[in-house]
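Report on the structure given below.
Atoms considered below: every heavy atom in the structure, side chains included; atoms not considered: hydrogens, waters and symmetry mates. Since the model is a prediction, treat every value here as computed from it, not as a measurement. Here is the naming used below: chain letters follow the sequence lines, and residue numbers restart at 1 for every chain.
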Amino acid sequence: MRGSSRIRPNAALVVGGVLTAILIATALLSLVWTPEVPTRVHIALRLKGPLEAGLLGTDHFGRDVVSLLMVGAWNSLAIAWPAVLLGAAIGTAIGTAAAAWKGIADEIAMRVSDVVFAFPAVLSAVMIGALVGSGPLAAVLAIAVFNVPVFARVARGVALQVWTLDYIAAARALGKHPLRITWEDVMPNIAGALIVQVTIQLALAILTEAGLSYLGLGVRPPNPSWGRMLSDAQTYLSQAPHLAIAPGIAIALSVLGLNLLGDGLRDALDPTLRGRSAAAA
Amino acid sequence: MSKRFLAAALLLTVSFAPAYAAKTSLVVGMPIEPPGLDPTIAAPVAIREVTWANLYEGLVRIDRNGKVQPLLAKSWEVSPDGLTYTFKLQDGVKFHDGTTFDSADVKFAFDRARDPKSTNAQKQIFAPIESIETPDPQTVVIKLKHPSGNFLTYLGWGDAVIVAPETAATNASNPVGTGPFTFKSWTRGDRVELTKNPDYWQKDKVQLENVTFRFISDAQAQVAALKAGDVDAFPNLGAPELFAEFQKDPRFKAVAGNTEGETVAGMNNAKKPFDDVRVRRALMHAIDRKALIEGAYSGFGQPIGSFFSPNHPAFVDTTDVIPYDPEKAKALLKEAGYGDGLSISIKAPQMAYASRSAELISAMLSEVGVDLQIIPTEFPAKWIEEVFKNKNYDVTIVSHTEPLDIDIFARDNYYFNYQNPKFKELMAEIARTTDEKERHAKYAEAQKILAEDVPALFLFQLPKLGVWNAKLEGLWENSPVPANDITEVRWTE
Amino acid sequence: MLRLVISRLVSLVVTLIFVSLAIFLILEVLPGDPAAIMLGTAAREDTLAALRQELGLDRPALVRYVAWIVGILQGDLGTSITYKMPVSTLVAERMAVTLPLSLLAILISTALALPLGVAAAARRDGAVDRGVLVFSQLGVAVPNFWIGLLFILFFSTWLGWFPAGGFPGWDAGFWPALQALLLPAVALALPQAAVLTRVTRSATLEVIGADFVRTARAKGVDKSATLRRHVVPNALIPVTTILGLQLSFFFGGAILVENVFNLPGLGRLAYQALNQRDLVVIKDIVLIFSGIVIVVNFLVDIGYALLDPRLRSRA
Amino acid sequence: MASPSPVLAIENLSIGLPALADRPHAIRNLSLSIAPGETLCVVGESGSGKSMTALATIGLLPHGVEVLSGSIRLDGLDLLALDEPGWCDVRGRDVGTVFQEPMTSLNPVMRVADQIAETFRAHRLLSPSERNRRALELLDEVHLPNPELIARAYPHELSGGQRQRVMIAMALALEPKLLIADEPTTALDVTTQAQVLKLIDNLRRKTGTAVLFITHDFGVVAEIADRVAVLQNGLLVEQGPAEEVLTRPQHAYTKRLLAAVPSLTPPPRKPLENEPITLMVDALTKLYGGRGWFSKGRKVQAADAVSFDIRRGETLGLVGESGSGKSTVGRCVLRLVEPDGGKIEIGGLPFSSLPQRSLRPHRRRIQMVFQDPFASLNPRRTVGRIIAEGPITQGEDPAKALALAEELLEKVGLPANAAERYPHEFSGGQRQRIGIARALAMRPDVLVADEAVSALDVSVQAEILKLIRELQQELGLAILFITHDLRVAAQICDRVAVMQKGRIVEMAETAQLFADPKDAYTRQLLAAVPGTDRMT
């Protein structure tokens, strides 16, 4: 058995994987097909309930809710992915560098991450929105900014642990450059933790994106987004509660899927479980 | 069954009991909280909706029909050349702090408003003033540099209320005026409370003892507050989609009136392709105002074809000048050289009516081959910076809520970048015209010019969706000026 | 211990200075002229200039930064541009909503999470554990503002048990005010409770596996006493850190939830102030928000040391 | 067998392991008994099931591990029939337990006195004030200095030896019939170990408690056992009086184990006088601590003017207890830790004065073998890659380096196809071989072995020591051998340097040092080596 193939499937991994696969498939499908044109306004058909018009009814402009949800899935991912990856890339670079060089660089990196952490995410997102104009870019940046310290800390934490291990000392004794050690010896061993963190942060990013577009800071209309669907739905709560329920469930299932996937991956990849059997001591 | 009936009857008696004693308190709901309580130093409408006619009074007032009526000035004379206004003031008027109101206060208030350091939002009201004289405590003589046709109307606005020199500086947080109510408290983010002014000069008109303005921005919460009886009246309900419920409910009176808010999609007339009137007309032809109102405001609001409030006597309906006609729109676009399509953007503020309208306009324009990209632009911060100041936009959308502001299309450097010498001249003439009839005729002409030239896409008049307890009387159905005048509001029974 | 406190204090002050500089710089480059925003569309150039001078916007940035910090140190948060009143009063009024809301949320979240987490860990893979697992997974996945919406839908629109939003003020009495905060607090608390439950569960599990727990059992201490005296005190240590970190989420979440429930809180004030470009108010609120987070994390560090004698004597 | 009424009688005990484990049973058909006042040592290598026996006796088997059959009787009481309250009654009162890890076996957030008093509290004995008084007395009984001070202390403020004394005090608080000691001295330094063993033995004599002592160390067995039971993979292979088992083992496994225990008598010395000096260390100094704004005060002199040199083909042992600074010296010599002062020369190369950047090409000359066979190999790389990595870094052609790696694998006794596998597929001993191969791939002049055999079972330990000796002979390596185990040092070192608190207190040829120690500390260390009177 190879190290990389020692992934034990578990319930969380399977359920999370399936939910996430459905989310991604829906998002991709929306690029080529939706039941209706999601931006097509049909005033005469406004606020129809589920099955009265379309599977899940129509919104206040008579747009098909299913189509909106499908494109919303794409938009949600289109913001969450780049934001988390950007934050992960920068954060991991900072974190592993801090772990490799320690000292002053480490201290500064951690203080700065304290500062970013101290800002409530939504507030800094609003400020970034005010800065670069509310739109997808602002949302991506805001979520990325918040992810940088998260990944910096996670990467630093696990990298510091790895740096204390003897195989790093061995690598140094072989004359390897710290950068090369970071790349060849540290990265592969913290990758599992980072991948798990990526899925968790993706889930958080979807939640944050929904919150931002709820406040009117995410994807631009008429491009649909789950958060804005919720904020639109709020005024029609008593007339058309389905408008508030459907996007919420979409968000919850996506987040649930990614979280379960993260948990499942963590269990499957956990180095503390690996190679350890319940042998008598 | 009978037991339950009995219980219900008992309950009814109990709950009706207090209603027999004439109720003297009123809770008025407003969607937006005023940022201060001095209408003479800041622009927001919400300030006027709390203070105007309730806390502060001007020399004259605008009544519910948009007509000028005497108030602190019991009468006035205008010289034939339209340059000298002589006001006779009411006797026995006192400010809330006990000081007496006289002509010196009028002079102080107007001098303060037109001072270079003043931050009055409507300084142009006072711009024509040459001098203010106070021959005696009950007389004020104002001399103008040039005739100002709407001078009296302007004096009825919130920006021209009379404040006392002793208290002017602190009015924003502790307002002192001459009105029928005095300021009691302000819980920021929640409510402003007023009580009856025991020394009011026309005390008999006032029935209410306590008035509370509560600020509830969320539409659901507004509705809930009304239904729960936490709020007695919502003169301007934020949620048109929920208004219909109240129309059917006998416990409430629900009136869809007009505001002074012309909702228009302003275009950057100096910029290609909007410098071409064919394009502007084409866009106007592409818009189905009825559907727009249905989608953006649940069908409430009057379509407009020009920039004038239906509240005003000089209003003419110009919606037929450029009606909804997508085919014509396509033809005009083709003629202007945009037969293959046109790609433009709209900077839309976050207010529901604006963002929804933008989405609908975008959908309608796409039917005639125009791609309208929506750029959310927060109001006021970003909108004022980008659109209003820097004129960096193609199309935008806002409601212009100031009364009688058709002259903005004559202003240089206004965000429309609209230049029409003929219209400008007409506005100048109106300013000089003191005769009301003549002035109204000219206003009608101005409306037609705009309707044909389409410097902005004229969409609809923002409705005033008033909902209040059916037992209330005296609230305004329209709002010719932004106001919640509660002087004569009363409970029946 | 004293040394730990001092070193933490220094890092606290440094972080606060960084934060204040960051806030100031961001707001410096934010587009939007407060004067133009206040005066609206009818303003004239001379009026604008007058207002800018009145607001002190014509002074150089450094002077304004120093003036701001000096003011704060003297307890003067400045005067709101739009409300024309001391920001301290404004903030105090809003704090009377946001603080109880956050505290209530923390209370609910902790009261829910700690027993659930410990109970789940105590009987691993049991029925409680499975239930807790489902709760924590779902709780984390659901946006707090959506819970708020659903609450309004069920409890206000359909059942009519609670007000749909708004805040009667503490003047209206303790219970009405508390009632108005209850649903928002639960909406705010649930997702965080889910997180906290998971943390508590895994912290407890980790401690249950520790050698000293086995030692206690070997002494003849029964299961529940072991849990009480050995497991929970040790498991609390990591849980407090998470609680400190969550505070930032509570405040962030408050902005959304205050919007849903129409509460006149600090989060809403911040959002409004940003739209109005009330720079004075934004600066102060963001500083207060982040200041509270930083100070609480400082307290958590100290509390950590109090809980853990190993840290108390170190440094 | 020994006594008609044993305190503890285990009969036909079988303990099952969870489904995923590498064998179905932890223990199979085990029968043991201990008479009052007797010490039974259960000895075996890791995985032999000895700890499971102990845990079964106090009913605290881990999740998923269960007793399948058999019985455990304590003074006639059938323990396996007990319910939970019954168990709670027995634990602490009838059976006291001392576990292996002194660092983690005490609750870190509870004062020592409270933890001892809890034993009384759990059995509802004495009033709170009496409990505290008894706790103090007990601390005194286990010879802890300043009982009042220690009572108020938290565990982290005590040394490992002190904590084990606290554990013993706790275990003996209620004067149990049986004391279970599960590797109680394994984590301790040799001098502390000697004291703790003596303490347990004295208390046993005083109270007449029967002791079930679990260990892997035959030295300890020789020191303390009345009777010995040898376990191999869950099966009892031999049982008998200590004297008999140690001197006349019957079972092959016992024989092998005993043979693997290194002797304290060193082998004949090699002629080395004419070999050149490969490694020269002069006045090496390293001070830890003092970094940061507020962490002044805690400074540790880890290396204080340490000087030595090693000739080609020579092994210098660096021995000392934990914290003596021996590992720091090892790492400083490689400049994995930067020394504060002193000179290091390798075959004339001024190794200590080169900046890190220009040092890298010269790093091949000195290599290291590490203690932890699990942490010293990157789990994400193939074994071949791990070994070839050094040469590749130094500019060797990758294909050649990989070919060399396979050669080296065979040289260290592993099949060449091991190169394509990952570290986790190998046992601890095999991994140490891989680590040695990695070091050798650099063709070093000097090899530093830092506790290279400490984590291994004795039988494996002997094999690795043999390998190192052979390789040294073949390649003429100069070896700095760091160890805490004097038996190991005696077997492999040509000369031995004894370190205490960062200084070398004595350095001499191995035979001479063992026969005639000059320094008091050296004498103390030698005296503490367990089992010297029964084994050599």
Point to revise | Reported OG1-to-CD distance for the pair C:Thr226 and D:Glu118, which is rounded to 0.5 angstrom | key: 7.0 Å
Review point. Going by residue number, which parts of residues 205-220 of chain C are within reach of chain D, meaning a heavy-atom gap below 4.5 Å?
Key: C:Asp211, C:Phe212, C:Arg214, C:Thr215, C:Arg217, C:Ala218, C:Lys219, C:Gly220
Point to revise | Enclosure of C:Glu28 CD (heavy-atom neighbours >12, cutoff 6.0 Å) | key: yes
Review point. Using a cut-off of under 4.5 Å for heavy-atom pairs, which of D:Asp94, D:Leu106, D:Ile58, D:Val95 has the most such pairs with chain C?
Key: D:Leu106
Check your understanding: If you draw a 6.0 Å radius around CZ in C:Arg64, do more than 12 non-hydrogen atoms from other residues or ligands fall strictly inside?
Key -> yes
Point to revise | Value rounded to 0.5 Å, distance of CZ in C:Arg229 from CD in D:Gln115 | key: 11.0 Å
Review point. Of the backbone (N, CA, C, O) and the side chain (C-beta and beyond), which part of D:Thr97 lies under 4.5 Å from a heavy atom of chain C, both, or neither?
Key: side chain
Review point. Which residues in residues 16-26 of chain C have any heavy atom lying under 4.5 Å from a heavy atom of chain D?
Key: none
Point to revise | Winner by heavy-atom pair count (cut-off under 4.5 Å) against chain C, out of D:Gly96, D:Ser105, D:Pro62 | key: D:Ser105
Point to revise | Contact winner vs chain C - D:Gln100, D:Met170, D:Met103, D:Glu101, heavy-atom pairs under 4.5 Å | key: D:Met170
Practice item. Under 4.5 Å heavy-atom distance to chain C, tell me which part of D:Glu84 shows up: side chain, backbone, both or neither. Key: side chain
Point to revise | Toward chain C, the part of D:Leu55 with a non-hydrogen atom under 4.5 Å | key: side chain
Practice item. Sort D:Met167 into side chain, backbone, both or neither according to what part of it lies under 4.5 angstrom from a heavy atom of chain C. Key: side chain
Exercise for review: For the residue pair D:Val109 and C:Leu236, establish whether any side-chain heavy-atom pair is separated by less than 4.5 Å.
Suggested key: no
**Study point:** Interface moiety of D:Val98 toward chain C, non-hydrogen atoms closer than 4.5 Å
**Key:** neither
